[in-house]
Protein chains: 2
Amino acid sequence: MSHAKIRNMEEFAALSGISRPTVSKFFHDPDSVRKSTRERIEAALEQYNYRPNIYAVNQNRRMTKNFGIVVPYLADPFFAEIARNIEELVIAAGYRPILMSSHGEPANEVENLDALRAIKPAGVLLAPLGRASDRDAVAAFCRDVPTVHFDSNIEGMGDVFVGHDNDHATALMVDYLARTGEPPAFFEMRTPTNPNAGKRRRAYIATMERLGHEPQIVQVEGQDWEFERIGYEGGLRVLSDRSLATDTVFCSNDRLAIGFLAAAFEKGLRVGRGEGSALRVAGHDNHPFTRYTCPTLTTVAQNYRAISRKSVEEMLALIESDERPATRETTLFDGELIVRASA
Amino acid sequence: MSHAKIRNMEEFAALSGISRPTVSKFFHDPDSVRKSTRERIEAALEQYNYRPNIYAVNQNRRMTKNFGIVVPYLADPFFAEIARNIEELVIAAGYRPILMSSHGEPANEVENLDALRAIKPAGVLLAPLGRASDRDAVAAFCRDVPTVHFDSNIEGMGDVFVGHDNDHATALMVDYLARTGEPPAFFEMRTPTNPNAGKRRRAYIATMERLGHEPQIVQVEGQDWEFERIGYEGGLRVLSDRSLATDTVFCSNDRLAIGFLAAAFEKGLRVGRGEGSALRVAGHDNHPFTRYTCPTLTTVAQNYRAISRKSVEEMLALIESDERPATRETTLFDGELIVRASA
DNA sequence: ACTTTTTCTTTACGCGCGTCAAATTTTCGT
DNA sequence: ACGAAAATTTGACGCGCGTAAAGAAAAAGT
């Protein structure tokens, strides 16, 4: 690689012996030029290490190759994993991923969307905060930018929604728990921000009724995104109260369950499904850390690979078609029961 | 806010009754124009919702207001938390943060740096992968772009390093463990990618020798970033072997310790510092989840708020001075002993 | 070898904004 | 109220690249 710094495409074109418009064409699609031409440019490229100025490139284009990814809370490894998956797929599709986290704050969410709008992305994959989201701001954004919602469904927003089938997954777990022991109580936050929580509660109730059991819902306080703490504190209270009518607890999500496990441990309660266990605890999501809790957590896995792939595919289709779909499509993927030691 | 879409600054200037050059000046520094002028522009701004095209703005500037943040592995909540902190500080300083994760892969790290270079950031905060990093690529990047390294110190690279004082923190924990029970063995990966690991090992040995104890180092295999699994599998082996000469284990980091705790739990060993406990386990970093392990994990906290703040401050100073420092500065922050239930 | 098709070159304009110089207007001190 | 200083306007150019049109050159077909 040469030391010489190239200032612009004009210079690079001169050095490679090709005209600038052809070089420009090459950078948009290397296969759009004759093979011999491509090789000459590529040879020059290796020698001089030139790259088009992305600001100049994007200035006139109505749409860029940028691809926004917004998650509600990146410090949650679940979202970090999904984001990683999506990033890979986006890069493979030839786009540049731009990852943003709302850190649980609606104000950040709006800021992120504003920043994205300024970047003129080809499309955005958005997992909204949910109940806390500024609905008007999100709706306005979705009107301006092709948007696929994932994980968290806000009815009517976004062109497409891709997510987890909470009904199916919840039934799967309730069935399993009821079949192998006492029917579960449902443990959740009183005012969950994530709309999945409501779906899961309703699915729990429906399944319990279908099985002829009385639903028991335990709701704990807590507003922020530190679910482990909320599960822990709520767990301590519930276990002290002895208010549970059953020895089996199905937590609305894994992070609550992790906190609940910590509370049970502190109370000296043995968690598991064998003899000598006082409590069964199950979660939902197959959070990366549930393999290393004590005991390991029985849960329902979200098929986050399928969700990631479908989300990106839908977005690419949206971009290619260059028109917004008339009807809002929804795709849900089945969860998978992961039986471990805790229930 | 009006419905009318503004195409460019020319139009917006006309609508606000101010000339374009003055409007341009306003967007660079609202206080650089007369108060009455500023108010007229701001009034128009509320009415028409115009924002300068960032691509056109950045096209000629040698440096933008972009601020790169690269972490080695975002699915680790420790880095997610640091990134969150840094993002906030960066925004407060008037820059636009661009967060990237290398996902543990050197190839991704190089890609991220390439992408950042194309964006012409004012500066970059880089936590490199460490041993696995492509040293030449990182060095070349640091030559072109003002870079502050944090967390992971690669000797001689970057203009500034800000990190955790591993010597001090390790001594703190070894002192504590030796004072309150048997002196600890040191549990780590054989070939850790992160340079902090080596520092911690050496500090452990030095402190043990200072205290007149024989160091015992237990190394386990494992290459990737799934430290919990590595700690778990290594822990199972160590506990089966009964190769430990002590009942106290100091893990090189919290994620290994989380895995080790899971192994101890599976082996039926009671972990803690009280009577009836078979094992003490300690970690390092104060990972967000260590408050919810079973038992809660005794660890040494990194002062990540101070590290974040200092990193950003150093970067801003670097940007303002507009020159690269002659000597490479290093700032280390003291850790804090966090005594919980596990040791 | 000659025609047709494909690809490339030349020339030129436009994008939205930064920025400069000169002319003009406004503000401020007294 | 007047002159100096500060702010704004006017007019113009440049940045790096996309892109269009017309003509030249190369490749492909016969």
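In what follows, chains are A, B, ... by sequence order, proteins preceding strands, each numbered from 1. Hydrogens, waters and symmetry mates are skipped; everything else that's a heavy atom, side chains included, is used.
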Subject >> A:E87 bridged to A:R84 by N-O distance under 4.0 Å >> reply: no

Original post:
Between CZ of A:F27 and CZ of A:R51, what distance do you get to the nearest 0.5 Å?
Top reply: 9.0 Å

**OP:** Using atom CD1 of B:I54 as one end and atom C1' of C:dG18 as the other, report the distance to the nearest whole Å.
**Re:** 16 Å

Subject >> Nearest-neighbour nucleotide for the B:H28 side chain, C:dT9, D:dC17, C:dG18 considered >> reply: C:dG18

Original post:
Tell me, do B:L129 and B:W225 make a side-chain contact under 4.5 Å, heavy atoms counted?
Top reply: yes

Original post:
Between D:dC17, C:dG18, C:dT7, which nucleotide has the shortest distance from any of its atoms to the side chain of A:N8?
Top reply: D:dC17

Original post:
Rounding to a whole Å, what distance do you find between A:F26:CZ and D:dC17:P?
Top reply: 14 Å

Subject >> Distance in angstrom units between A:K35 NZ and C:dT7 C1', rounded >> reply: 16 Å

Original post:
Side chain of A:P52: nearest nucleotide among C:dT10, D:dA26, D:dC17?
Top reply: D:dC17

Original post:
Roughly, in whole Å, what's the span from CD in A:E10 to P in D:dG16?
Top reply: 11 Å

Subject >> Value in whole Å for how far the C1' atom of C:dG16 lies from CD of B:E11 >> reply: 12 Å

**OP:** Take atom CG of A:N53 and atom C1' of D:dG16, then tell me their distance rounded to the nearest Å.
**Re:** 6 Å

Subject >> d(CG, A:N58; P, D:dG16) in whole Å >> reply: 16 Å

Original post:
Toward the 5' end of DNA chain C, which comes first, B:R51 or B:S36, by nearest nucleotide?
Top reply: B:R51

Original post:
Do B:S19 and B:T22 have a side chain donor and acceptor closer than 3.5 Å?
Top reply: yes

Original post:
Which nucleotide in the list C:dT7, D:dT8, C:dG18 gets nearest to the side chain of A:T37?
Top reply: C:dT7

Original post:
Closest nucleotide of DNA chain D for B:A56 versus for B:R40: which of these residues is on the 5' side?
Top reply: B:R40

**OP:** Please tell me which of the listed nucleotides, D:dG18, C:dT7, C:dG16, lies nearest to the side chain of A:S24?
**Re:** D:dG18

Original post:
Phosphate oxygens OP1/OP2 of C:dG18: is one of them under 4.0 Å from a side-chain N or O of A:Y55?
Top reply: no

Original post:
Which of these passes side-chain contact (heavy atoms from CB on, under 4.5 Å) with B:I69: B:I82, B:I86, B:V312?
Top reply: B:I86

Subject >> Atom-to-atom span, CG of B:D31 to C1' of D:dA6 - whole angstrom >> reply: 16 Å

**OP:** Determine whether more than 12 heavy atoms belonging to other residues, nucleotides or ligands lie under 6.0 Å from atom CZ of B:R328.
**Re:** yes

Subject >> N/O donor-acceptor pair, side chain A:Q59 with base D:dC17, under 3.5 angstrom >> reply: no

Between the protein and nucleotides 11-13 of chain D, which nitrogen or oxygen pairs are less than 3.5 angstrom apart?
residue: D:dA12; atom: N6; partner: B:R20; partner atom: NH2; Å: 3.3

Subject >> Of the listed nucleotides D:dT8, C:dC17, D:dG16, the one nearest the side chain of B:M9 >> reply: C:dC17

Original post:
Taking the side chain of B:T22 as heavy atoms from C-beta outward, which of D:dT9, C:dC17, C:dC8 is closest to it?
Top reply: D:dT9

Original post:
Is B:F12 touching bases, backbone alone, or none of the nucleic acid, heavy atoms closer than 4.0 Å?
Top reply: nothing

Original post:
Taking the side chain of A:V57 as heavy atoms from C-beta outward, which of C:dT26, D:dG18, C:dG16 is closest to it?
Top reply: D:dG18

Original post:
Distance from B:L332 atom CG to B:H164 atom NE2, nearest 0.5 Å?
Top reply: 9.0 Å

**OP:** Would you mind classifying the nucleic acid contact of A:F27 as base, sugar-phosphate or nothing, using non-hydrogen atoms under 4.0 angstrom?
**Re:** nothing

Subject >> Expected output: side-chain B:N66 to main-chain B:Y95 donor-acceptor under 3.5 Å >> reply: no

